[in-house]
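The structure appears below as structure tokens.
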Protein chains: 2
Amino acid sequence: MGVPLYQTKAEFFRTLGHPARIRILELLAERDHAVHELLEQIAIEPSNLSQQLAVLRRTSLVVSRREGVAVVYSISVPEVRDLLLSARRILVGLAETRSDFEDELMVPDRR
Amino acid sequence: MGVPLYQTKAEFFRTLGHPARIRILELLAERDHAVHELLEQIAIEPSNLSQQLAVLRRTSLVVSRREGVAVVYSISVPEVRDLLLSARRILVGLAETRSDFEDELMVPDRR
DNA sequence: TCACGACATGAAAACTTCTTCAATTCATGT
DNA sequence: ACATGAATTGAAGAAGTTTTCATGTCGTGA
């Protein structure tokens, strides 16, 4: 029944596939933030930020609560931290592979 | 210098954000596969599969080699396995949260 | 050399997602 | 009651991605 898991996974990764949403999650991984605090850190228009927060809310990756005049967001799935770390490791690995390759190109041809 | 890390991360996740590409990576995580073998498992047109493989090649997540008449693909970054597992855990967690919530709705209101 | 099967490529059409703008909501202070 | 600051929403156009189709390449075997 229901949607195949690989489809759900793809949707999940697509949710993470936007620079603003990554930044939001990284900031929320540190600590809860009000929207205006996020706005200070991320250089986008308020309504764009709201749209991106809405995407994250829809997938239940974050939740919001009102605190007086401000709306505060927090990560609802702590494991996302591991995922972001995991991704960073992979990217660093890939970057190294590429620069090794570039180094090779730098070395005078010995064949 | 260069592209900010959160941008690179977003691109990386976007690469994973497609059902066919997830399936490809899952199959390759098991063992190397020739294109025609992938084609048996994944219900898409050959040229579409090729396009998706090209996306994965561009980001260096997979590499291909020719073996006689076939082209064989393999995962070039083993850590991707962990990432896929990590994602599954998160998704299972989210699914549970939601069905807990549905359960709550099922329980007669006691307030 | 020719034909064939296995893949890859380029380009156009179809589809999604992003960004932006104007309008709206909702709490708070006056 | 009204004005204000904080955030959200809906809608439209711009930008990006996916799918498909026709064509091209590369080995292998006849």
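Quick note on labels: first sequence line is chain A, next is B, and so on, each numbered from 1.
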For the side chain of [X], starting at C-beta, report the closest nucleotide among [options].
X	options	answer
B:H18	D:dA6, C:dC7, D:dT19	D:dT19
B:Y73	D:dT19, C:dA8, D:dG27	C:dA8
B:S50	D:dA6, C:dA8, D:dC26	C:dA8
B:A34	D:dA7, D:dT18, C:dC7	C:dC7

Handout entry: Given DNA chain D, 5'-ward residue of the pair B:L49 and A:A70, judged by closest heavy atom
Key = A:A70

Problem - Most 5' of B:L53 and A:R21 on DNA chain C, judged by nearest nucleotide - result: B:L53

Completion exercise
Nearest-nucleotide check on DNA chain C, B:L39 vs A:Q52; residue mapping nearer the 5' end is B:L39

Rounded to whole angstroms, how far apart are [atom1] on [X] and [atom2] on [N]?
X	N	atom1	atom2	value
A:N48	D:dG10	CG	C1'	14 Å
A:I24	D:dA7	CD1	C1'	13 Å
A:E40	D:dA6	CD	P	10 Å
B:E11	D:dT17	CD	P	9 Å
B:Q51	D:dT23	CD	P	16 Å
B:R58	D:dT18	CZ	C1'	12 Å
A:R66	C:dT25	CZ	P	14 Å
B:L38	C:dA6	CG	P	14 Å

Problem - Check: B:S47 side chain, C:dC7 base, donor-acceptor under 3.5 Å - result: no

Handout entry: Basic-acidic side-chain contact under 4.0 Å: B:D82, A:R89
Key = no

Practice task
Consider only side-chain N and O atoms of B:Y73 and B:R57, and report whether a donor and an acceptor are under 3.5 Å apart.
Solution key: yes

Handout entry: Donor on one side chain, acceptor on other, B:Q7 and B:E11, under 3.5 Å
Key = yes

Handout entry: Side-chain touch A:R21/A:L16, heavy atoms, less than 4.5 angstrom
Key = no

Check the phosphate of [N] against [X], side-chain N and O only, distance under 4.0 Å to OP1 or OP2. Yes or no?
X	N	answer
A:R57	D:dT9	yes
B:H36	C:dG5	no
B:R14	D:dT17	yes

Problem - Euclidean distance, B:L28 CG relative to B:S76 OG, rounded to 0.5 Å - result: 10.0 Å

Exercise for the section: Applying salt bridge (charged side-chain N to carboxylate O under 4.0 Å, His left out), run through B:R81 and B:E79 and close with a yes or a no. Expected result: CA-CA 5 Å; B:R81 287 185 184 83; B:E79 297 91 327; over 6 Å; no

Fill in the blank from the handout: Rounded to 10°, the angle between the first-five-pair and last-five-pair axes of the helix from C:dT1-D:dA30 to C:dT30-D:dA1 is 10°

Problem - B:R88 atom CZ: more than 12 heavy-atom contacts under 6.0 Å - result: no

Handout entry: Over all atoms of both residues, closest heavy-atom pair of A:L27 and A:Q41
Key = CD1-CB, 3.6 Å

